[in-house]
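For reference, positions follow the sequence shown, starting with 1. In this text, all values refer to a predicted model and were calculated from it rather than measured experimentally.
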Amino acid sequence: MRPTDRHRPASRAPGWIALCVAVLLHGCASTPVDPVVEQLDERTGVTLNQLARPLELVATSVRGGNADPFAALAPFETNVMGKRSRWLWIAFPGDSDGASPAHRVVVDGTPLSLPAAGADPAAVSLKAFPYAPAAPWTVVRVFALDAGATARLAAAREVGITVEYPEGRVTFSAALAAPSALAEFAARTAESR
């Protein structure tokens, strides 16, 4: 060690440490997630516009025992050779005997009238739905979305699914902050039309 090195001020080290910490923290900062993504379904050649992840809905009342308190809802758009169609995917816990109970989608406390497309992805030109259910006992259904239903979802402050179980009606719901992912989906798919 040279004699001049012993007399250097130690205050330079904290500056370098602070710079390194700042660089590392900048690298860890999360980037905003786009709520709507576009992707190609390579199995079918269908282009999809979809939410990055479905909206999670929570039961507003207890169904009993070990009943699953979660459901999900998410729109998606298919583009099959230039023909665009919007769909609403929903998933909710099935009945205790595995049956699919009666259900309806609710927007701001009012039922949303939707034509059912069923539970088969082939009905919407896909091999699999763009969203996966959270559990094997989940019932999945898809509905056709017209411009009016899409507009109601885009303006919604609360969305839900009401299910008629044998033990009683249960509503799964979520409050939405503006602008919601549903509003972003409506805007993005309106641009593509």
Notebook entry, point to check: Which residue pairs pass the side chain to side chain donor-acceptor pair (under 3.5 Å) test when at least one of the two sits in residues 122-134, sequence neighbours left out?
Noted result: none

Notebook entry, point to check: Looking at residues at least two apart in the chain, or sitting in another chain, which of them share a side chain to side chain donor-acceptor pair (under 3.5 Å) with Arg141?
Noted result: Ser100

Next item on the list: Determine which pairs satisfy salt bridge (charged side-chain N to carboxylate O under 4.0 Å, His left out) with at least one residue from residues 170-182, sequence neighbours left out, and list them in order.
Entry: none

Next item on the list: Give me the one residue out of Val36, Val37, Thr189 that meets side chain to side chain contact (heavy atoms under 4.5 Å, CB included) with Gln50.
Entry: Val37

Note to self: I'd like to check the salt bridge (charged side-chain N to carboxylate O under 4.0 Å, His left out) partners of Asp68; sequence neighbours left out, ordered by chain and number.
What the structure shows: none

Item checked: Sequence-distant partners of Ala144, side chain to side chain contact (heavy atoms under 4.5 Å, CB included), two or more places apart -> Trp87, Pro115

Next item on the list: Not counting sequence neighbours, list each pair that qualifies as a side chain to side chain donor-acceptor pair (under 3.5 Å) and has a residue in residues 101-120.
Entry: none

Note to self: My understanding is that a hydrophobic cluster links ILVMFWY residues whose side chain heavy atoms are under 4.5 Å apart, including indirect links. Using that, what else belongs to the cluster containing Phe70?
What the structure shows: Val58

Next item on the list: Only counting residues at least two apart or in another chain, list the ones meeting side chain to side chain donor-acceptor pair (under 3.5 Å) with Glu164.
Entry: Arg169

Margin query: Please enumerate all residues that pass side chain to side chain donor-acceptor pair (under 3.5 Å) together with Glu184, with sequence neighbours excluded.
Written below: Arg188

Next item on the list: Please name all residues satisfying side chain to side chain contact (heavy atoms under 4.5 Å, CB included) with Pro101, sequence neighbours left out, ordered by chain then number.
Entry: Phe92, Asp95, Val163, Tyr165

Margin query: If you define the side chain from C-beta out and look only at heavy atoms, does anything of Leu57 sit under 4.5 Å from Val159?
Written below: yes

Pairs under 3.5 angstrom only: tabulate donor-acceptor contacts from the side chains of residues 172-181 to other protein residues two or more places apart or in another chain.
unit_1 : atom_1 : unit_2 : atom_2 : d
Ser173 : OG     : Glu158 : OE2    : 3.3
Ser180 : OG     : Leu182 : N      : 3.3
Ser180 : OG     : Ala183 : N      : 3.1

Check: Just how far is it from atom CG of Asp41 to atom OG1 of Thr78, taken to the nearest 0.5 Å?
Finding: 10.5 Å

Next item on the list: For Thr162, enumerate each residue passing the side chain to side chain donor-acceptor pair (under 3.5 Å) test, keeping only those at least two apart in sequence or located in another chain.
Entry: Thr171

Check: About how many Å separate CG of Asn49 and CZ of Arg86, when rounded to the nearest 0.5 Å?
Finding: 10.0 Å

